[in-house]
There are 2 protein chains.
Amino acid sequence: MSDHHHDHHHDTAALTKNQSLVMGQLSSANGPLSAYTILDRLREHGFRAPLQVYRALDKLVEFGMVHRLESLNAFVACRQPGCDTHETIAFTICETCGQVAELSDPELADHLKALAAATGFVLKKSTVELRGLCRACGRA
Amino acid sequence: MSDHHHDHHHDTAALTKNQSLVMGQLSSANGPLSAYTILDRLREHGFRAPLQVYRALDKLVEFGMVHRLESLNAFVACRQPGCDTHETIAFTICETCGQVAELSDPELADHLKALAAATGFVLKKSTVELRGLCRACGRA
DNA sequence: TTGGTAATGTTATATGATTACACAATTGCG
DNA sequence: CGCAATTGTGTAATCATATAACATTACCAA
């Protein structure tokens, strides 16, 4: 159907050592992490330089296992059920607790595409990041 | 109606010296500029340190005269007709020529709000940045 | 086995943004 | 006016994010 989706099925075993270590940190974190935070946490595993983290992150993002949050300069493990199949995604970012949730809404994707197309713009990639209060923090 | 919209009407005359200089650079640029690019261009006007730029940018963004593009770490002058009245905005960013256009679509705002609300999320601010090819570059 | 590709390690540097502190200009008000 | 509060400015240092350049190692495939 889609002409450029990921046909990867990278389970953890297929990752390289550095990729696994970085993925491990992101998976066990309950929110987004900056590259340098990941670096610090992996120093005891032999990491010495930012590039070790950034290279792993590049691949993990490419595989669709990790998302980059532009408005935070941080990275988060993908929590969607079919991580490698979803297309356009929006993120909600709670300004109080820092928690990030993914929203996958085909209608939104269509809406954005149509909106862009109306001005002759060919849409390649959407960044949608919503700031506010999550359900729990909104009650406070 | 809205409880925190801008009631400012800052015409250029009301800006401070540094704010005017920064605004001048952004207005005359035909695309987004990074804070350090602005700094370099204003050195001949006496600018010496990043903070002079960032402080001016903070105010200009607050006034609604300038937008920050999260995915570029750059800033662009607002080109919308009623710069201080529009609410939610999406940006198209051409990956070839770097040109940025603003889209102001109330339906999109509603859609995002509804999407967030469906998970109990209280939306404060939306970041929507669309990457792709502008009309001119798309023809190539 | 040999040659190419991908991954890694290391140093240095580029780029983006803020903290801390001192001082000057402007505004508001008694 | 005279004074205080606020806002704007200047400067240095530092923190935070990301990439360039180059050498080496691991792995896979002909």
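A, B, ... follow the sequence lines: proteins, then strands. Residue 1 opens every chain.
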Next item on the list: Would you kindly give the CD-to-P distance between A:Glu70 and C:dG16, to the nearest whole Å?
Entry: 14 Å
Margin query: Taking A:Arg43 first and then A:Asp40, would you say they form a salt bridge - that is, a charged N and a carboxylate O separated by under 4.0 Å?
Written below: yes
Check: Between atom CZ in B:Phe75 and atom P in C:dT15, what is the gap in whole Å?
Finding: 16 Å
Check: When you match B:Gly46 and B:Asn73 each to their closest nucleotide on DNA chain D, which lands nearer the 5' end?
Finding: B:Gly46
Check: Is the aromatic ring of B:Tyr36 within stacking range of C:dT15, meaning centres under 5.5 angstrom and planes under 30 degrees?
Finding: no
Notebook entry, point to check: From C:dA7, C:dT18, D:dA20, pick the nucleotide closest to the side chain of A:Lys59?
Noted result: C:dA7
Next item on the list: Would you kindly give the CG-to-C1' distance between A:Leu51 and D:dT17, to the nearest whole Å?
Entry: 13 Å
Note to self: If you only use heavy atoms from C-beta on, which nucleotide in D:dA12, C:dG16, C:dA7 is closest to the side chain of A:Thr16?
What the structure shows: C:dA7
Item checked: Nearest-Å distance for atom pair CG/P, residues A:Leu33 and D:dA16 -> 15 Å
Note to self: Can you give me the closest heavy-atom contact between B:Pro32 and B:Gly98, atom names plus distance?
What the structure shows: CD-O, 3.5 Å
Note to self: What's the closest nucleotide to the side chain of B:Asn18 if the choices are D:dG10, C:dT8, D:dG8?
What the structure shows: D:dG10
Next item on the list: May I have the distance from A:Leu57 (atom CG) to C:dT8 (atom C1'), rounded to whole angstrom?
Entry: 15 Å
Notebook entry, point to check: Taking OH from A:Tyr54 and P from D:dA20, how many angstroms apart are they, rounded to a whole number?
Noted result: 13 Å
Next item on the list: Looking only at side-chain atoms of A:Ala49, point me to the closest of C:dA20, C:dT11, C:dG16.
Entry: C:dT11
Notebook entry, point to check: Given C:dT10, D:dA18, C:dG16, which nucleotide is nearest the side-chain atoms of B:Ser34?
Noted result: C:dG16
Check: Ion pair present between B:Arg68 and B:Glu70, side-chain N to carboxylate O less than 4.0 angstrom?
Finding: yes
Next item on the list: Report yes or no: do B:Thr127 and A:Arg131 form a side-chain donor-acceptor pair below 3.5 Å?
Entry: no
Next item on the list: Let me know the distance between CD of A:Gln52 and C1' of D:dA18, rounded to the nearest Å.
Entry: 15 Å
Note to self: Heavy-atom nearest nucleotide on DNA chain D for B:Lys17 versus A:Leu72: which residue maps closer to 5'?
What the structure shows: B:Lys17
Margin query: Is a donor from one side chain sitting under 3.5 angstrom from an acceptor on the other, for A:Asp105 and A:His111?
Written below: no
Next item on the list: Using atom CZ of A:Phe47 as one end and atom P of C:dT10 as the other, report the distance to the nearest whole Å.
Entry: 11 Å
Check: Pick the nucleotide of DNA chain C nearest each of B:Arg68 and B:Arg55; which residue has the one closer to the 5' end?
Finding: B:Arg68
